[in-house]
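Structure first, then comments.
Note on naming: letters A, B, ... go to the chains in the order of the sequence lines (proteins, then strands), and numbering restarts at 1 for each one.
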Amino acid sequence: MNFTKTIIHWYSINKRSLPWRETQNPYKIWLSEIILQQTQVKQGLPYYEAFVSKYPTIYNLAKAPESDVLKLWQGLGYYSRARNLHATAKHIVNELQGEFPNTYNQIIKLKGVGDYTASAIASICFNEVTAVVDGNVYRVLSRYFNIDTPINSSQGAKEFKALAQELIDKKQPATFNQAIMEFGAKQCTPKNPDCTNCPLNENCLALSKQNIDQLPVKIKAAKAQKKHFNFLVFISDDGKTILEKREGKGIWQNLYQFPLIETEKSISEKSLRNTLKNNSLLSNQKFSLTLYNSKPIIHKLSHQHLYTNFWIITVKTLNTNTINISNIHTYPVPILIGNFIESFNFDFV
DNA sequence: AAGGCGGGGCC
DNA sequence: GGCCCAGCCTT
């Protein structure tokens with residue numbers, strides 16, 4: 001049995017039951033694909049359910065405020081996905097009369113949709129013969145054919161796309177695309193793949209050459225930088241605090257945070273106290289300052305390691321950017337802030 | 001071509 | 001600690 005037939009047969013036996021596999025509705029498929037970008041099924045599944053429940057159609061999503069969409073996305077990461085999702089929903093409703101584009105060439109024009117996502121939607125919803133290439137596909141193909149072209153190079157992207165396009169089942173592109181991804185996720189895993197019980201082990205070139213552990217080849221990313229984040233958790237006598245919206249580029253765009261002092265090195269309480277004396281948010285009032293966490297909370301992002309302190313500052317009154325603490329749970333915040341809010345007992349206020 | 005962009009899970 | 005995950009966008 002050849003590669004394509006074997007993969008599809010394996011899938012028919014081993015596929016997981018997942019909600020987006022029960023539909024060809026382009027809105028739901030699109031939603032699931034955006035959620036699953038760089039995200040494992042287990043992590044994305046509850047978010048998919050929540051979005052379908054709160055926004056059953058693209059019209060519901062288009063009508064929502066961006067802040068609500070970000071709130072529902074909170075904790076999933078890569079928030080540009082949520083911003084683009086919302087912008088694209090509005091675009092389809094307002095400019096395309098609510099009609100989801102139905103070809104790869106049209107779909108890929110949508111904001112937040114690249115080659116992978118366009119191929120997934122076009123094949124699953126509209127039966128177009130266009131092969132998906134995601135992390136799973138890179139791994140399966142690089143191993144089966146023993147290809148060492150770096151997968152995160154432009155040459156690699158072209159090469160693997162062309163190979164997948166050759167292998168795709170022209171009569172059932174949707175099934176093949178989902179099958180090869182599922183195969184990568186459950187059989188040809190990154191670590192310790194179960195090659196002994198693999199239906200492709202007879203002709204897998206990397207296996208015969210003992211190259212499984214070396215493939216796929218990936219150009220290494222730069223190491224994460226360390227930063228020191230000092231969040232100022234103001235609490236006023238009348239139950240207010242300060243949350244600011246992160247504007248511009250950079251992490252957590254359009255999410256909210258406590259006022260932040262970012263430093264190259266860690267900052268002492270004494271030095272922070274001096275800095276605060278001249279802080280306009282305090283307008284020369286007396287204040288008390290205590291560090292909430294006993295040691296810095298290390299929040300690891302792909303490209304930054306954030307050494308974080310939460311400083312509690314009680315003060316009589318606040319004037320700028322204040323919110324009522326009783327409403328704090330309605331703002332979209334990065335999970336680093338969200339975890340703090342959850343663990344810190346604001347109820348006494 | 002390279003770097004930015006999250007958070008969780010595994011080893 | 002490092003690596004990976006149903007990638008995309010900007011520079």
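Spacing of C1' atoms, B/dG7 relative to C/dT10, comes out at 22 Å, to the nearest Å. Here, C/dA6 and B/dC11 have their P atoms 15 Å apart, quoted to the whole Å. Taking atom P on both nucleotides, B/dG8 is separated from C/dC9 by 24 Å, rounded to a whole Å.
As judged by a 4.0 angstrom heavy-atom cut-off over every strand, A/R21 is placed among the base-contacting residues. Counting non-hydrogen atoms under 4.0 angstrom, A/K111 reaches the backbone sugars and phosphates but no base. As judged by a 4.0 angstrom heavy-atom cut-off over every strand, A/G250 is placed among residues touching the sugar-phosphate backbone only. Looking at heavy-atom distances under 4.0 Å, A/W73 makes no contact with the nucleic acid at all. Residue contacts for A/S153: at a heavy-atom cut-off of 4.0 Å it reaches no nucleic acid atom on any strand shown. Note on A/L76: a base of the nucleic acid sits closer than 4.0 angstrom, heavy atoms only. As judged by a 4.0 angstrom heavy-atom cut-off over every strand, A/R139 is placed among residues touching the sugar-phosphate backbone only. Using a 4.0 Å heavy-atom distance criterion, A/V132 is classed as making no nucleic acid contact. Residue A/S302 is in base contact, counting any heavy-atom pair closer than 4.0 Å across all strands shown. Residue contacts shown for A/D115 are limited to sugar-phosphate atoms, with no base heavy atom under 4.0 Å away. A/G44 comes within contact range of no nucleotide atom at all, as no heavy-atom separation falls under 4.0 Å.
Looking at the side chain of A/P334, the nearest of the listed nucleotides C/dG7, B/dG6, B/dG7 is B/dG7. Listed nucleotides: B/dG8, C/dA6, C/dT10. Nearest to the side chain of A/K249: C/dT10.
One finds no side-chain N or O of A/Y138 lying less than 4.0 angstrom from the OP1 or OP2 phosphate oxygen of C/dC4. One finds a side-chain N or O of A/T117 lying less than 4.0 angstrom from the OP1 or OP2 phosphate oxygen of C/dC8. Between A/H303 and the phosphate of B/dG4, there is no side-chain N or O to OP1/OP2 separation shorter than 4.0 Å. Distances shorter than 4.0 Å separate none of the side-chain N or O atoms of A/H299 from OP1 or OP2 on B/dG6. For A/K300 and C/dG2, the shortest distance from a side-chain N or O to OP1 or OP2 is not below 4.0 Å. For the OP1/OP2 pair of C/dC3 and a distance below 4.0 Å, the side-chain nitrogens and oxygens of A/K220 include at least one atom meeting the criterion. For the pair A/Q38 and C/dG7, the criterion of a side-chain N or O lying under 4.0 Å from OP1 or OP2 is met.
Rounded to an integer number of Å, the gap from CZ of A/F160 to P of C/dG7 is 15 Å. Counting to the nearest Å, the C1' atom of C/dC9 and the CG atom of A/L110 are 15 Å from each other. Atom-to-atom, NZ of A/K227 to C1' of B/dG6 comes out at 14 Å; the value is rounded to the nearest Å. For the pair A/N254 CG and B/dC5 P, the interatomic distance rounds to 14 Å; values are reported in whole Å. Between A/Q40 atom CD and C/dC3 atom C1' there is a gap of 11 Å when expressed in whole angstrom units.
If you find the closest nucleotide of DNA chain B to A/Q304 and to A/Q155, the one lying nearer the 5' end belongs to A/Q155. Comparing A/Q178 and A/H305, the nucleotide of DNA chain C nearest to each residue sits closer to the 5' end for A/H305. For the pair A/P216 and A/K226, both in contact range of DNA chain C, the more 5′-proximal nearest nucleotide belongs to A/K226.
A donor atom on one side chain and an acceptor atom on the other are found under 3.5 Å apart for A/Q253 and A/R83. A/K161 and A/S119 share a side-chain donor-acceptor pair at under 3.5 Å.
The shortest distance between side-chain heavy atoms of A/L200 and A/Y144 falls below 4.5 Å. No side-chain heavy atom of A/T4 sits less than 4.5 Å from a side-chain heavy atom of A/I168. For the pair A/S236/A/T322, no side-chain contact is recorded, criterion being any heavy-atom separation below 4.5 Å from C-beta on.
A donor and an acceptor atom never sit less than 3.5 Å apart when one is taken from the side chain of A/T39 and the other from the base of B/dG7.
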ring-ring contact (aromatic ring centres under 6.0 Å, His included), that's the test. Do A/W311 and A/F258 meet it? Break it down for me. CA-CA 10 Å; A/W311 300 90; A/F258 299 106; over 10 Å; no
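For the pair A/E182 and A/R21, the salt-bridge criterion is met [side-chain N within less than 4.0 Å of a carboxylate O].
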